[in-house]
Amino acid sequence: MGSRRARRCLHSDCPLPTAYCPMKDLATALSAANAAVFTELGLDPKHADVRRSDRPDLGEFQANGALAVAKAAGKKPQEVAQSVAAGWKATDLAQTPTIAGPGFLNFTVTPEALGKRAQFVADDAHAGASAVETKRRVVVDYGGPNVAKGMHVGHLRASIIGESVKRIYRFRGDEVWGDAHFGDWGFQMGLVITALEDEIGGFDDRAKLDARLKALTLDQLEAIYPTYAKRVKEGDIDVRDRARKATAALQGGSALHREIWKAMHDVSMAAQKRDFASLGVDFDLWLGESDADPLIPDMVKDLDAKGLLEDDQGARILRVAKPGETKKKKRDDGTIVEVESPDPLLVVSSEGSAMYGTTDLATIVQRMRDQKPDLILYCVDQRQADHFEQVYRAAAKAGYASREMLEHIGFGTMNGPDGTPFKTRAGGVLKLQDLIGQAEEKARERLRENEVDTNFSKEEFEDIAHKVAIAAIKFADLSNFRGTSYIFDLDRFMSFEGKTGPYLLYQAVRIKSILRKAEEQGVKPGAIAIEHEAERSLALALDAFDGALRAAYDKKAPHFLAEHAYNLAQAFSGFFANCPILQSNGAIRASRLALAAAALKQLTLTLDLLGIDVPERM
RNA sequence: GGCCCCAUAGCUCAACCGGAUAGAGCACUCGCCUUCUAAGCGAGCGGUUGCAGGUUCGAGUCCUGCUGGGGUCGCCA
């Protein structure tokens, strides 16, 4: 099981399968069978889709295409539904559908089909998940740490969502590179270099500079940057101009500036790697904006040769608006003018330096050269949507990449209880490590209260606390649709009750405990048979994994998988409460044990796709 | 001011191509540990989907207008 060849469903082209092929999820199999009936009746099979029902009291699956088709065929929905129902042949998949309301078809699958499907999930290395039909090469750009800023809560979403998207794409068979894309090349670098210059009174004293660079820490960079950024923001022209010149010097190749930059880069990189590791986030490429820098001169020449650049107020710009695309814009003096929209991409600043759009464009060139991707996903704050639109259009105009293969996976902000972007009580930015620390402390408290099976070693205790903390933080984030902002409330996420990360870990750990005991008692899993209502619910939950995975993949939205993980955990919990495993005997015990093992495998896998690790005990 | 996003139960969030009685969790009320981890399970309570129109067999979902909130509008990223 598990090889690519073996994963192909032999019935995928079969018009009316005579036997249910468990490689397909039940909704897909029912849809195929229903489509065959539609075709036989001369109805458009695209309306034959069957999905999980909103009305479990009437059936487990539903098809409502009869209503849509009836309109096109000029028939009554009820009549269409009746002819479809009459056209259904009894198979081992489902019984003839029942008709309800204006023409809804309701299906109930057979216990045999459910058992076969659950058995497939149990035996399958991918726990019932399908692979993509055509593999693509995909770069996922996420995380976006900044050299001059430590990781704080603002980086959480980019890291958490991007990591999950990367895992989802890879799991379905694409070739995927995650790239951290460090913010290590823009104006900010000139700014911190200028700040350092002020601090040590110039760069003339070589020994002094060396000593300072040697002692440099990320904490210091973090302290310097906001101070100077604030000065510029508040109108300090002198600092701004010096920082711009320093930026241009760095990018122009000044050895001194590069040396200072490197010291800052290295100290920051080391600290960021620790933070990412603690979050369970890993990259295949630890590249940054600076790595695209060598490509910029040739790229600018190329853009120029293609006649795409224009001089404008001392800068060089690339227009990306199509004819007629304009917007009204309010100027500082209050007058309203009509300008092109989107704004042009600023390629070379009046100071001669590269802007972040320039770097992003050059990074596309770089990726097309090195990874040759079919798709590049940018997991970045929604507020940068306009910026990416500019860059993508510029890339398309220059012929570097098609517009379709560049996609911004935007997400909303993480807000505090007051609904504004998250701050600490003191009004500052909460560091990532402090946040994780707070979550871990809550986990420790709960672990101490629990007293179950508590002969944890110090190491295991800390490991569990960490895993619970990360699970709480990540699941809270990923259970919201990424596009909207959400309110960060650590107490709620760590409440250990309800729809939380810890709940999911708890369910997984309970299954592990049973499997350990089964092992000790020499009980082996056996053929799955679905009899009890709770077994049925669990099998249906296991079947739903692939649909959730495909939705998460297509929409680049991990919350579909978060939802699935919760549904599965709940279905297992109901099964656990109603269907004794080790207390039962014979074939029933073997079947239930196999179901439990399948649930654990799929739950662990789903959580892994969300970037969440499961401890052995808790 | 232009453009984009959002508004769903007291709170935090779901709802796939427009489908049936809009779902979860928290909070609140009640029941369940002699039984594989009670961080659990079951039941109840809770809704004019911001407002007003429109499209249609059918609208939380699509269209128009309005109200409220957020974001954004070239030399930061």
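Every chain is numbered from 1 and lettered A, B, ... according to where its sequence line falls, protein lines coming before strand lines.
With rounding to whole Å, Glu325(A) atom CD is found 15 Å from rC73(B) atom C1'.
You'll find that the side chain of His559(A) is closest to rA15(B), out of rA15(B), rC36(B), rA77(B).
A close approach under 4.0 Å does occur between a side-chain nitrogen or oxygen of Arg446(A) and OP1 or OP2 of rA39(B).
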Using Watson-Crick or G-U wobble pairs with both distances under 3.5 Å, give me RNA chain B in dot-bracket, 5' to 3', with [ ] for crossers and | for pairs to another strand.
(((((((..((((.....[...)))).(((((.......))))).....(((((..]....))))))))))))....
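Side-chain atoms of Tyr356(A) come within donor-acceptor range of the base of rA77(B), with a qualifying N/O pair under 3.5 Å.
In this structure, Ala100(A) reaches the bases: a heavy-atom distance under 4.0 Å links it to at least one base atom across the strands shown. Residue contacts for Ala68(A): at a heavy-atom cut-off of 4.0 Å it reaches a base atom on one of the strands shown. Nucleic acid contact class of Asp312(A) (heavy atoms, under 4.0 Å, all strands): base.
Shown are Val147(A), Asp291(A), Leu250(A); of these, the side chain to side chain contact (heavy atoms under 4.5 Å, CB included) with Trp185(A) is made only by Leu250(A).
No side-chain donor-acceptor contact under 3.5 Å links Thr413(A) and Arg383(A).
For the pair Asp241(A) and Lys245(A), the salt-bridge criterion is not met [side-chain N within less than 4.0 Å of a carboxylate O].
If you look at Tyr503(A) and Tyr566(A), their ring centroids are closer than 6.0 Å.
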